[in-house]
Number of protein chains: 2
Amino acid sequence: MQDLLFDFISKYISLTDDEKNAIISLDTFRSFKKGTTLLKAGQKSNDGFFVLKGCIRTYYVIGGEEKTTAFYTEMEALTPNCVINKAPSEYYISCVEDTILIISNPDMEAEMFSKFPKFETLCRILAEELLAKQQVNFDEFKTSSPEQRYLNLLQKRPDLIQRAPQHQLASYLGIKPQSLSRLRARILEKNKV
Amino acid sequence: MQDLLFDFISKYISLTDDEKNAIISLDTFRSFKKGTTLLKAGQKSNDGFFVLKGCIRTYYVIGGEEKTTAFYTEMEALTPNCVINKAPSEYYISCVEDTILIISNPDMEAEMFSKFPKFETLCRILAEELLAKQQVNFDEFKTSSPEQRYLNLLQKRPDLIQRAPQHQLASYLGIKPQSLSRLRARILEKNKV
DNA sequence: TAAAAACGTTCACTTAAGTTAAGAAATGAC
DNA sequence: GTCATTTCTTAACTTAAGTGAACGTTTTTA
């Protein structure tokens, strides 16, 4: 399990055995059952999440309805808004599948950064990279129709369509579950002819 | 002009006079006329932009049409995707108004980071904060209708509606210019009754 | 394992965005 | 200042998403 993490990190910086041991000794690998809620809207928390295995999602409850807006799978990190701005969370976080996470917090990070400045560089690079990726993602969302967004998802994250239920995917695509059903039927119809 | 920058930075970290001078001596303050193109799609560049005064936008050209997806105004930073992933840019960047920018590049940053590690901390914090903000932004976009998005923009960035032309705002809201016109007329009609 | 809840699909209807086109208004170039 | 271009608005029509409801299926859970 840890090897997955170190393979991932090695794409960005190289770690000494000392540094690897420092990470392991933090002892923050945790397992959760599918459906577990990691954070509720309105709560404050300092926990950041890094997905080693499985899938978690963020969702809002608006007018009594769940609106899933993001999924995080293997080697993806989520630092909840409430950790950054020290305000109550606007959204829920829960496990789509049985999931293994690394859970971090700012104090822990600060200690690691001062002991191994390299980690701060890693975090900076990861944050910058994510920011750029996410901007392009958002751009694609804005400039395409629901149907194009679905086809795009099918290309880019085909696993998600298997792993997450339709109604969660629908709000992730910015539409209603019924519209996703219809849209898929429409695509099948087109390909048939 | 520099005071604006230092006031902004002081919200995150405190700088010594030495550090402030180091920034000034980088001598990267640049002025541009409205309409100036800073980066073209397909080009490679290492320039990052920080807006001191004015407004810049990113836009794609899709099927011959400009699709504006983001605006950056005072104290906002844009590191183009192509700087991060060393690939040709997917979008254009140009000035919506006469604009004063700080232009950075990775080599310059690396030098500053090694001389003053504090700057890397600043950049990490800024990137993390932006990432969290942007996620919430995207979430709001996904969970609301074009009309709600327009009303939301009116609340959160009223200046943008004055500063940018309608057709750029339209694609920023994920709709066509005609739809934005209609939607605004609809809102006026509602408030009249 | 049986009942209840949640989920996915389909349908008919409503609403709003996309499209095409035309004309008025604003802006920029000369 | 005038002409040309771009921008904004309006309108009629098309297309697709939202809505409310029904129904079969799957998943929970008691």
Side-chain angles (χ1 to χ4, degrees), chain A residues 33-37 57 59 61-68 71 92 94-98 141-154 160-190 192-193, chain B residues 33-37 55 57 59 61-68 71 92 94-98 141-154 160-193:
Chain A
K33 282 272 160 210
K34 175 177 171 174
T36 307
T37 296
R57 68 181 173 120
Y59 66 95
V61 176
I62 299 173
E65 284 196 353
E66 280 189 16
K67 307 269 188 179
T68 298
F71 296 99
Y92 295 76
S94 81
C95 299
V96 175
E97 303 172 344
D98 290 355
F141 193 95
K142 278 183 181 171
T143 56
S144 56
S145 66
E147 185 171 324
Q148 289 173 315
R149 297 201 285 256
Y150 175 75
L151 292 170
N152 193 34
L153 186 66
L154 214 52
L160 260 195
I161 291 173
Q162 304 307 319
R163 297 167 86 168
Q166 297 292 322
H167 66 285
Q168 289 175 17
L169 290 172
S171 53
Y172 181 69
L173 293 171
I175 57 176
K176 302 281 147 157
Q178 298 94 313
S179 297
L180 179 53
S181 261
R182 177 169 43 193
L183 173 164
R184 295 179 68 212
R186 198 165 61 220
I187 291 170
L188 281 176
E189 196 55 37
K190 276 184 202 166
K192 203 186 292 176
V193 179
Chain B
K33 281 274 160 211
K34 174 175 174 177
T36 307
T37 297
C55 178
R57 68 180 173 121
Y59 66 96
V61 175
I62 299 174
E65 284 197 351
E66 280 190 15
K67 307 270 187 178
T68 298
F71 294 100
Y92 294 77
S94 80
C95 299
V96 174
E97 304 172 342
D98 289 355
F141 193 94
K142 278 183 181 171
T143 56
S144 55
S145 66
E147 184 171 326
Q148 289 172 317
R149 297 201 285 257
Y150 175 75
L151 292 170
N152 193 34
L153 186 66
L154 215 52
L160 261 195
I161 292 174
Q162 304 307 322
R163 297 168 84 169
Q166 297 295 321
H167 66 285
Q168 290 176 15
L169 290 171
S171 54
Y172 181 70
L173 293 170
I175 57 176
K176 302 280 149 162
Q178 298 93 316
S179 298
L180 179 53
S181 260
R182 176 167 47 194
L183 174 163
R184 296 178 67 211
R186 198 164 62 222
I187 290 169
L188 281 176
E189 196 53 38
K190 277 184 199 164
N191 292 346
K192 204 185 289 176
V193 178

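So you know, we letter chains A, B, ... as the sequences are listed, proteins then strands, and number each from 1.
- Residues B:Lys34 and B:Asp98 are not paired through a salt bridge, judged by the lack of any N-O separation under 4.0 Å between the basic side chain and the carboxylate.
- The distance between atom NZ of A:Lys33 and atom C1' of D:dT28, rounded to the nearest whole Å, is 15 Å.
- C:dG8 atom C1' lies 15 Å from atom CD1 of A:Ile161, rounded to whole Å.
- Taking the six-membered ring for Trp and thresholds of 30 and 60 degrees, A:Tyr59 and A:Tyr92 have nearly parallel ring planes, at less than 30 degrees apart.
- Distance CD1 (B:Ile187) to P (D:dT9): 12 Å, rounded to an integer number of Å.
- In terms of phosphate contacts, A:His167 brings a side-chain nitrogen or oxygen within less than 4.0 Å of OP1 or OP2 of C:dG8.
- What separates CD of B:Glu189 from C1' of D:dA11 is a distance of 15 Å, to the nearest Å.
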| remark: A correct 5'-to-3' footprint of nucleotides 11-30 of chain C, with B, S and - meaning base, sugar-phosphate only and no protein heavy atom under 4.0 Å, is -----SBBSB-------S--
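- Taking atom CG on B:Leu180 and atom P on D:dT7, their separation rounds to 14 Å, with Å as the unit.
- At least one donor-acceptor pair closer than 3.5 Å links the side chain of B:Gln148 to the backbone N or O of B:Ser145.
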| task | Step by step, work out the salt bridge (Lys or Arg N to Asp or Glu O under 4.0 Å) result for A:Arg57 and A:Glu66. | result | CA-CA 11 Å; A:Arg57 68 181 173 120; A:Glu66 280 189 16; 3.0 Å; yes
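- For A:Arg182, the side chain to side chain donor-acceptor pair (under 3.5 Å) partners two or more places apart in sequence, or in a different chain, are A:Ser179.
- As a whole-Å value, the separation of A:Arg163 CZ from C:dC7 C1' is 20 Å.
- At distances below 3.5 Å, not a single donor-acceptor pair connects side-chain atoms of B:Arg163 with backbone N or O atoms of B:Val96.
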| request: Test B:Asn152 against B:Phe141 for side-chain contact (heavy atoms from CB on, under 4.5 Å), laying out the working first. | output: CA-CA 10 Å; B:Asn152 193 34; B:Phe141 193 94; over 6 Å; no
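- Formation of a donor-acceptor pair under 3.5 Å by the B:Ser171 side chain with backbone atoms of B:Gly174 is not found in this model.
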| task | Show your working on side-chain contact (heavy atoms from CB on, under 4.5 Å) between A:Ile175 and A:Tyr150 and close with a plain yes or no. | result | CA-CA 10 Å; A:Ile175 57 176; A:Tyr150 175 75; over 6 Å; no
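- As a whole-Å value, the separation of A:Gln166 CD from C:dT10 P is 11 Å.
- For the pair A:Arg184 CZ and C:dC7 P, the interatomic distance rounds to 16 Å; values are reported in whole Å.
- Rounded to 10°, the helix from C:dT1-D:dA30 to C:dC30-D:dG1 has 60° between the axis fitted to its first five pairs and the one fitted to its last five.
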